[in-house]
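Let me begin by presenting the structure, written as structure tokens, before commenting on it.
Note that the structure is a prediction, hence the values are computed from the model and not measured. Atoms within a ligand are numbered from 1 in the order they appear, just like the ligands themselves. Heavy-atom basis, side chains included; hydrogens, waters and symmetry copies ignored.
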Amino acid sequence: MLSQLIQNTSDSVRTATPEEEERLCPVIDFGPLLANEPGAREKIVEQLRLACESTGFFQILNHPIGKDVIKNAFRASKHFFELPFDEKLMLSKDMFSNRGYELLKDFVLEGEEDSSLDGVVLDDDLSFPGSSSFTPSSLGCPIPSAQSLSTYAEPPDSSPTTWNTGLGDSTPSTSNNAALHDSECMSNEFRESFYFGNDNLSKERLLRPFQGPNKWPSNTGANFRTSLVQYHDEMAAFANQVMCLLAESLGLAPNAFDEFCSDPTTAIRLLRYPSSYNRTGVNDHTDADALTLMAQDEVRGLQIVDPVSQSFVAVSARPSALVANLGDIMAILTNNRYKSSVHRVCNTSGHDRYTIPFFLQGNIDYVVAPLPGLGPSTTEPIAVEDLLRDHFHNSYTSHTTTTSLVC
Ligand SMILES: O=C(O)CCC(=O)C(=O)O
Ligand SMILES: [Fe+2]
């Protein structure tokens, strides 16, 4: 469902004016609703409808997630990314379960440094602690003859790399995880991330794709896991409430998404984006899920495609708000009345950027098709499991890599 967006990668990206931001990613204040003020629900439902029909992006101010819960989650995230590189690599993402660590894939192999790197300033802040003697090939992420690695802030030249940003064309299964992981390891996105989800899954669910078990680091202290699990659980509960409001905004009963939301597959992604002037942190994509809710720090970086100009526009970062956006599943459920917009991340701030999106992917067996009353489907119904699998295969291979982008 990724639009055929073509943007010259050498174009610089405009920052949204306040008016544009109101149109592309409006702020919706949930305070009056949480305070049970009369008329608040109707007002929010209407604001949601307008935002979802436009870009599917909005910012939720005065949401119910505790400040401490968010603070602790960011603390845990920083703690995680500061772990020695080999420790993180031990937790390499398993493509079947979609859980674990995705490395920052920008590195210089010792002894293989290209002469084109001459004059490139290596940023010490970007080097991985403890990375001097790891052996990636033993961890399902082979990098030929690599003895050590460090990251660099800018690429040696502006030509696109030939690294594959996708997941290959095999189907995720426990038997081909290694092959999938290899190609995933060659992505050019300038970020590192760590995926986890519901920490309390049933045995039956643990055997299903895209949901677990979580791959927790050891030696991070008792609070680490508790903080992240609490963040997940509060986000999951709030996402359910937002889904009820979205149902109402479509003129449906508040419980219209209940079946989709029962025993849902969810994911949290801790993200760290080092700063770069010409590398994207996350390439242009749409989310696969129904609803994404994201806490972010004060460092801006998110860019959304403006449906009017069909170009990327950078939006501001408001740490007190949650950024919400709809994904492909919601677009199908609503027969494309609600939008799943292309977005990407570019961090040119000179500082690391941290975000923590929560993805509501829904019941893995739910068959996604327009909800009753929202018109006949133009596409074949598809199970959440298949849709997620297709998305993971396609979304990062079907568009231009943006290594020469001027952010
Ligand atoms: O970090 C961000 O601002 C957005 C991340 C994102 O789009 C994603 O993980 O799907
Ligand atoms: Fe996204």
Side-chain angles (χ1 to χ4, degrees), residues 1-3 5 13 15-16 21 24-25 55-60 70 73-74 77-78 81 93 98-102 104-105 165-167 184 187 189-197 210 231-232 235 239 265-276 279-305 312-319 321-331 339-349 351-361 387-388 391-392 394-396 398-399 402 407:
M1 192 159 301
L2 190 72
S3 81
L5 173 85
V13 166
T15 298
E21 196 148 305
L24 298 176
C25 192
T55 59
F57 270 87
F58 48 97
Q59 301 178 71
I60 303 177
I70 293 180
F74 276 110
S77 171
K78 285 181 186 161
F81 291 122
K93 183 167 136 180
N98 194 36
R99 299 291 178 252
Y101 174 64
E102 284 182 328
L104 187 116
K105 285 129 184 161
T165 57
L167 306 180
E184 168 67 0
S187 164
E189 294 182 322
F190 203 54
R191 50 91 186 120
E192 57 182 332
S193 58
F194 176 72
Y195 283 90
F196 68 96
F210 308 114
Y231 181 87
H232 170 275
M235 288 296 242
T265 301
T266 57
I268 296 259
R269 188 182 193 191
L270 307 181
L271 276 153
R272 177 180 85 94
Y273 304 95
S275 180
S276 170
R279 304 295 305 274
T280 44
V282 172
N283 292 332
D284 39 319
H285 68 285
T286 56
D287 291 351
D289 62 349
L291 174 68
T292 306
L293 298 174
M294 181 181 84
Q296 61 179 329
D297 66 10
E298 66 292 339
V299 180
R300 59 192 302 143
L302 180 63
Q303 301 178 357
I304 304 169
V305 169
F312 280 103
V313 179
V315 294
S316 57
R318 195 179 271 109
L322 295 178
V323 175
N325 68 281
L326 308 180
D328 295 353
I329 289 178
M330 183 61 86
K339 305 299 178 215
S340 169
S341 284
V342 176
H343 54 287
R344 70 181 179 195
V345 177
C346 261
N347 174 19
T348 58
S349 66
H351 306 281
D352 280 4
R353 174 174 191 260
Y354 291 85
T355 62
I356 315 184
F358 164 89
F359 302 96
L360 177 63
Q361 294 155 335
L387 188 143
L388 292 178
H391 183 91
F392 283 115
N394 300 331
S395 65
Y396 292 99
S398 62
H399 59 283
T402 46
C407 292

For ligand 1, which atoms have a heavy atom of [X] less than 4.0 angstrom away?
{"X": "Phe359", "answer": "8 (C), 9 (O), 10 (O)"}
{"X": "His343", "answer": "7 (O)"}
{"X": "Arg269", "answer": "8 (C), 9 (O)"}
{"X": "Tyr273", "answer": "1 (O), 2 (C), 4 (C), 5 (C)"}
{"X": "Met294", "answer": "1 (O), 2 (C), 3 (O), 4 (C)"}

By side chain to side chain contact (heavy atoms under 4.5 Å, CB included), Ala73 pairs with (sequence neighbours left out) Leu228, Tyr231, Ile356

Non-neighbouring partners of Ala239 that pass side chain to side chain contact (heavy atoms under 4.5 Å, CB included), sequence neighbours left out: Leu291, Leu293, Phe358, Leu360

So, of the N/O/S atoms that Asp287 has, which is the nearest one to the Fe ion (ligand 2)? OD1

Counting only N and O atoms by type, is there a donor-acceptor contact under 3.5 Å from the side chain of [X] to the main-chain atoms of [Y]?
{"X": "Glu189", "Y": "Asn283", "value": "yes"}
{"X": "Asp297", "Y": "Tyr354", "value": "yes"}
{"X": "Thr355", "Y": "Gln296", "value": "no"}
{"X": "Arg353", "Y": "Val299", "value": "yes"}
{"X": "Glu21", "Y": "Ser316", "value": "yes"}

Pick out which of Asp287, Thr55, Thr292 makes a side chain to side chain donor-acceptor pair (under 3.5 Å) with His343. Asp287

Answer with side chain, backbone, both or neither: which part of [X] has a heavy atom less than 4.0 angstrom from an atom of ligand 1?
{"X": "Val345", "answer": "side chain"}
{"X": "Arg353", "answer": "side chain"}
{"X": "Val323", "answer": "neither"}
{"X": "Gln296", "answer": "neither"}

Would you check whether Val282 reaches within less than 4.0 Å of ligand 1, judged by its heavy atoms? no

For ligand 1, is His285 a contact, meaning one of its heavy atoms is under 4.0 Å away? yes

